[in-house]
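Not measured: the values here are computed from a predicted model. Excluded from the calculations below are hydrogen atoms, water molecules and symmetry mates; all remaining heavy atoms, backbone and side chain alike, are included. Start at 1 with the first residue, then count along the sequence.
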Amino acid sequence: MTMPDTASDAAAATTWTVLRAPHVPRLLSASLIGRLPTGMVPLALVLVVRHHGGDYRLAGMLTALYAVGAAVGGPVMGRFIDRTRQPPLLLGGAITSGAALAALMVLDPVGSPGLAAVAAVVAGAATPQLEPCLRVLWEHVLHGERAVRAAFAVDAATQELIFVCGPLLVLGATHLLGSSGGLLTAAVICLAGTVGFATASPARSWRAARAGSRHWAGPLRSGRLVRLFAALVCVGAAIGVFTVATPGYADAEGSLGAASWLIALNAVGALLGGVLYAAAPVARREDRRLLFLLVLHSPLPRCAARQPQASPSRGDGPHERGNEVARGIPEAGHIACSGTK
């Protein structure tokens, strides 16, 4: 057997070695499937609210509450997993989140906004923490730091598939099952992916390492980390606004169904951006690269908003499709820069 001649060949060989390792295909695929609702629920909520005659303020509020629930509930669930085991909490979270999504299906969010708000918070807070659980399993199913680093890279590269496939699944589900089909499909997919992950041998056998007393704030005691989190909150807010604003834009143009394609195409751009960013040489000043990406990114949403109005029969045209792909490319760099020193 000959050794790879170049660094790229070595990286490719390591990646394929990781993907062929025992348990990895199941863990990675189940994790991605179980996380698909993250890319489905926000759009599905907007479509349900619009179906009941609600406005985009209500849709935005429910989407924000779902995101806040996930942001608060995720670390809490992670802490409990660290003290117990993965399967019970993952499966319990999937069932609870699925039940909350089912409640959103049958509720009228316009007539009962309070109940819908509670259901949205619960659905987000109970979201199974599959990604953190997958990350702690890598060192148990792979051998060597190089293989573990390759696994992290593969996981990061495939995450955008969640936001490419999620909106398209909502589009197909609403076409086949009606306005609530997206929420129903998200609940089923979440449970299926979580069951596949939680019943895998590495997840069942994993036990947290014994640790001494821990401060309640954990890593949040670091001022630099808090500053980074604050910056990421701003980035997340921009992405969240896009998720609600895009259906509003498509609706105003007479083609609400085009929102799924626009959001998915934006994720395709982010996926391409992630690939390009990973292939780029290491910069001496990552802050300058980030500033360049911000300058590149800022005019693109305005370009989309200034396109000539479309007729209801036309739907989204090539300008809109191109803008969404282009808009997504710098976003991957924003997230990647946040992880650099």
How many angstroms lie between atom [atom1] of [X] and atom [atom2] of [Y], to the nearest 0.5 angstrom?
{"X": "S29", "Y": "F197", "atom1": "OG", "atom2": "CZ", "answer": "10.5 Å"}
{"X": "L183", "Y": "T185", "atom1": "CG", "atom2": "OG1", "answer": "8.5 Å"}
{"X": "L161", "Y": "L32", "atom1": "CG", "atom2": "CG", "answer": "6.5 Å"}
{"X": "T246", "Y": "L265", "atom1": "OG1", "atom2": "CG", "answer": "11.0 Å"}

Do [X] and [Y] make a side-chain contact, defined as non-hydrogen atoms from C-beta onward lying under 4.5 Å apart?
{"X": "L36", "Y": "F163", "value": "no"}
{"X": "R135", "Y": "F152", "value": "yes"}
{"X": "L27", "Y": "P202", "value": "yes"}
{"X": "L225", "Y": "L228", "value": "yes"}
{"X": "L184", "Y": "S180", "value": "no"}
{"X": "L90", "Y": "I81", "value": "yes"}
{"X": "V121", "Y": "V68", "value": "no"}
{"X": "L137", "Y": "H23", "value": "no"}

[X] with [Y], same ILVMFWY side-chain cluster at under 4.5 Å:
{"X": "L177", "Y": "L171", "answer": "no"}
{"X": "W206", "Y": "V24", "answer": "yes"}
{"X": "V118", "Y": "L62", "answer": "no"}
{"X": "V136", "Y": "M77", "answer": "yes"}
{"X": "V72", "Y": "V233", "answer": "no"}

Non-hydrogen atoms of [X] and [Y] that approach each other most closely:
{"X": "T127", "Y": "Y66", "value": "OG1-OH, 4.0 Å"}
{"X": "A21", "Y": "L142", "value": "CB-CD2, 3.7 Å"}
{"X": "T174", "Y": "G182", "value": "CG2-N, 4.0 Å"}
{"X": "L130", "Y": "A30", "value": "CD1-O, 4.4 Å"}
{"X": "A203", "Y": "P87", "value": "O-CD, 3.5 Å"}
{"X": "P37", "Y": "I189", "value": "CD-CG2, 4.2 Å"}

Around atom [atom1] of [X], are there more than 12 heavy atoms of other residues, nucleotides or ligands at under 6.0 Å?
{"X": "R149", "atom1": "CZ", "answer": "no"}
{"X": "H140", "atom1": "NE2", "answer": "yes"}
{"X": "Y56", "atom1": "OH", "answer": "yes"}

Give me each pair satisfying salt bridge (charged side-chain N to carboxylate O under 4.0 Å, His left out) with a member in [range], each pair once, sequence neighbours excluded.
{"range": "residues 57-71", "answer": "D55-R57"}
{"range": "residues 111-130", "answer": "none"}
{"range": "residues 41-53", "answer": "R50-D251"}

Next item on the list: Return the set of residues passing side chain to side chain contact (heavy atoms under 4.5 Å, CB included) with L91 (not counting sequence neighbours), or none when no residue passes.
Entry: T194, V195, A198
Show me the donor-acceptor pairs within less than 3.5 Å that the side chains of residues 92-117 make with the rest of the protein, sequence neighbours left out.
unit_1: T96; atom_1: OG1; unit_2: G92; atom_2: O; d: 2.8
unit_1: S97; atom_1: OG; unit_2: A123; atom_2: O; d: 2.9
unit_1: D108; atom_1: OD1; unit_2: V110; atom_2: N; d: 3.0
unit_1: D108; atom_1: OD1; unit_2: G111; atom_2: N; d: 3.4

Item checked: side chain to side chain donor-acceptor pair (under 3.5 Å) contacts in which one or both residues fall within residues 31-48, not counting sequence neighbours -> S31-R35, R35-D155
Margin query: For a side-chain contact (heavy atoms from CB on, under 4.5 Å) check, start with the C-alpha distance between H52 and V48, then their side-chain angles and the critical distance, and finish with the verdict.
Written below: CA-CA 6 Å; H52 286 89; V48 167; 3.9 Å; yes
Check: Step by step, would you call T199 with R26 a side-chain hydrogen bond (donor to acceptor under 3.5 Å, both in side chains)?
Finding: CA-CA 10 Å; T199 56; R26 175 174 177 176; 2.7 Å; yes
Next item on the list: Would you tell me whether E131 and Q159 have side-chain atoms, one donor and one acceptor, within less than 3.5 Å of each other?
Entry: yes
Next item on the list: Run the numbers on L89 and Q129 for side-chain contact (heavy atoms from CB on, under 4.5 Å), then give the verdict.
Entry: CA-CA 9 Å; L89 286 163; Q129 296 303 299; over 6 Å; no
